[in-house]
Participant: 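A single structure is presented below for examination.
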Amino acid sequence: GSFAVGKTSLVRRFVHGLFSEKYLTTVGVKIDKKIVDVDGTEIKLVLWDLHGDDEYQRVRISYMRGASGYFLVADGTRKATLDQALVLQKSAAENLGDVPFFLLLNKVDLTREWEVEDEDLNELFESGWNVLKTSAKTGQEVEQAFQSLARDMVSEAKAK
Ligand code: GDP
Ligand code: MG
């Protein structure tokens with residue numbers, strides 16, 4: 001996702017249960033780990049926090065390789081970040097093929113500033129995309145997002 005949509009905050013919320021209003025500058029790539037339970041099996045998630053600004057394009061693609069799944073993160077209070085996420089999805093699909101992904105519209109706690117209407121998402125729903133509205137601040141849907149992606153990655157691996 002784009003700058004400041006909340007990628008690092010979402011990982012921080014999920015892995016450490018913490019949130020900070022401060023902007024946490026991420027240089028290059030940040031890796032975190034967490035074990036989740038999928039139907040009684042422990043799955044070790046290795047989380048790569050990658051940003052999608054153009055100057056990092058080359059870095060991003062090489063780090064992306066081998067991922068079993070991914071989140072696209074947009075900031076629901078800045079509609080342009082949704083457009084950016086759609087561009088990133090094309091790049092991810094080219095590099096990773098058909099692996100599970102979820103679109104996260106983050107900062108859902110900021111209801112008054114919210115810019116993304118449900119009708120903006122119709123096409124995505126029609127294409128079968130998984131879309132969740134999250135908040136790294138309140139924790140809304142964060143655990144569910146990671147659990148759901150882990151579950152889909154396990155199903156995908158079993159199907160192979
Ligand atoms: P990144 O550049 O995508 O990694 O974005 P960060 O995780 O560093 O977050 C950018 C800014 O948005 C920081 O000031 C965070 O505190 C804030 N932020 C991130 N997620 C949320 C959220 O869900 N709600 C609110 N209100 N602020 C958030
Ligand atoms: Mg970051």
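Numbering of ligands and ligand atoms starts at 1, following listing order. Nothing fancy with the numbering, it's 1 onward along the sequence. In this text the structure is predicted, and so the values were computed from the model without any measurement.
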Participant: Show me which atoms of ligand 1 lie under 4.0 Å from any heavy atom of Leu110.
Facilitator: 26 (N)
Participant: Out of the candidates Leu10, Thr81, Val5, only one should pair with Asn106 under the side-chain contact (heavy atoms from CB on, under 4.5 Å) rule; please name it.
Facilitator: Leu10
Participant: List the atom of Phe14, the atom of Val36, and the distance in Å for their closest heavy-atom pair.
Facilitator: CZ-CG1, 3.6 Å
Participant: Does ligand 1 have a heavy atom under 4.0 Å from the side chain of His51, from its backbone, from both, or from neither?
Facilitator: neither
Participant: On a heavy-atom basis, I'd like to know which of Val142, Thr134, Asp109 is closest to atom 26 (N) of ligand 1.
Facilitator: Asp109
Participant: How does Val5 reach ligand 1, by side chain, by backbone, by both or by neither, if only non-hydrogen atoms under 4.0 Å count?
Facilitator: both
Participant: Quick one: look up the protein heavy atom nearest atom 20 (N) of ligand 1 and list residue, atom name and how far away it is.
Facilitator: Asn106 ND2, 3.1 Å
Participant: Note the single closest protein heavy atom to atom 23 (O) of ligand 1, along with its residue, its atom name and the distance in Å.
Facilitator: Ala136 N, 2.8 Å
Participant: Check whether any side-chain heavy atom of Met153 sits under 4.5 Å from a side-chain heavy atom of Leu45, and report yes or no.
Facilitator: yes
Participant: What is the nearest protein non-hydrogen atom to atom 10 (C) of ligand 1, stated with its residue, atom name and distance?
Facilitator: Tyr23 CD1, 3.4 Å
Participant: Which heavy atom of Pro100 sits nearest a heavy atom of Ser68, and at what distance?
Facilitator: CD-O, 3.3 Å
Participant: Determine whether the aromatic ring centres of residues Trp129 and Phe101 are separated by less than 6.0 angstrom.
Facilitator: yes
Participant: Please report which non-hydrogen protein atom sits nearest to atom 14 (O) of ligand 1, along with the residue it belongs to and the distance in Å to one decimal place.
Facilitator: Glu21 O, 2.6 Å
Participant: Please determine which of Asp75, Thr77, Thr138 meets the side-chain hydrogen bond (donor to acceptor under 3.5 Å, both in side chains) test together with Lys107.
Facilitator: Asp75
Participant: Quick one: look up the protein heavy atom nearest atom 5 (O) of ligand 1 and list residue, atom name and how far away it is.
Facilitator: Gly6 N, 3.1 Å
Participant: Heavy-atom contacts under 4.0 Å between Thr8 and ligand 1: side chain, backbone, both, or neither?
Facilitator: both
Participant: Is it the case that over 12 heavy atoms from other parts of the model lie below 6.0 angstrom from the CG atom of Asp98?
Facilitator: no
Participant: Identify the two heavy atoms, one from Ala67 and one from Val99, that lie closest to each other, and give their separation to 0.1 Å.
Facilitator: O-CG1, 4.0 Å
Participant: Return the closest protein heavy atom for atom 27 (N) of ligand 1 as residue, atom name and distance.
Facilitator: Phe19 CZ, 3.7 Å
Participant: Please confirm whether Ser20 approaches ligand 1 to less than 4.0 Å, judged on its heavy atoms.
Facilitator: yes
Participant: Given Arg12 and Asp32, is the salt bridge (charged side-chain N to carboxylate O under 4.0 Å, His left out) satisfied, shown in steps?
Facilitator: CA-CA 9 Å; Arg12 195 155 184 257; Asp32 271 287; over 6 Å; no
Participant: How far is atom 6 (P) of ligand 1 from the closest protein heavy atom, and which atom is that?
Facilitator: Ser9 OG, 3.5 Å
Participant: Among protein heavy atoms, which sits nearest to atom 12 (O) of ligand 1, and what does the distance come to when rounded to 0.1 Å?
Facilitator: Lys107 NZ, 3.1 Å
Participant: Kindly give the heavy-atom pair with the smallest separation between Lys133 and Val108, and that separation in Å.
Facilitator: CB-CG2, 3.9 Å
Participant: Okay, side chain of Glu115, backbone of Lys79: is any donor-acceptor separation there less than 3.5 Å?
Facilitator: yes
Participant: For ligand 1, which atoms, with element, lie under 4.0 Å from some heavy atom of Ser135?
Facilitator: 23 (O)
Participant: With a cut-off of 2.8 Å, does Ser9 place any N/O/S atom under that distance from the Mg ion (ligand 2)?
Facilitator: no
Participant: Relative to ligand 1, is Leu10 under 4.0 angstrom through side chain, backbone, both or neither, heavy atoms considered?
Facilitator: neither
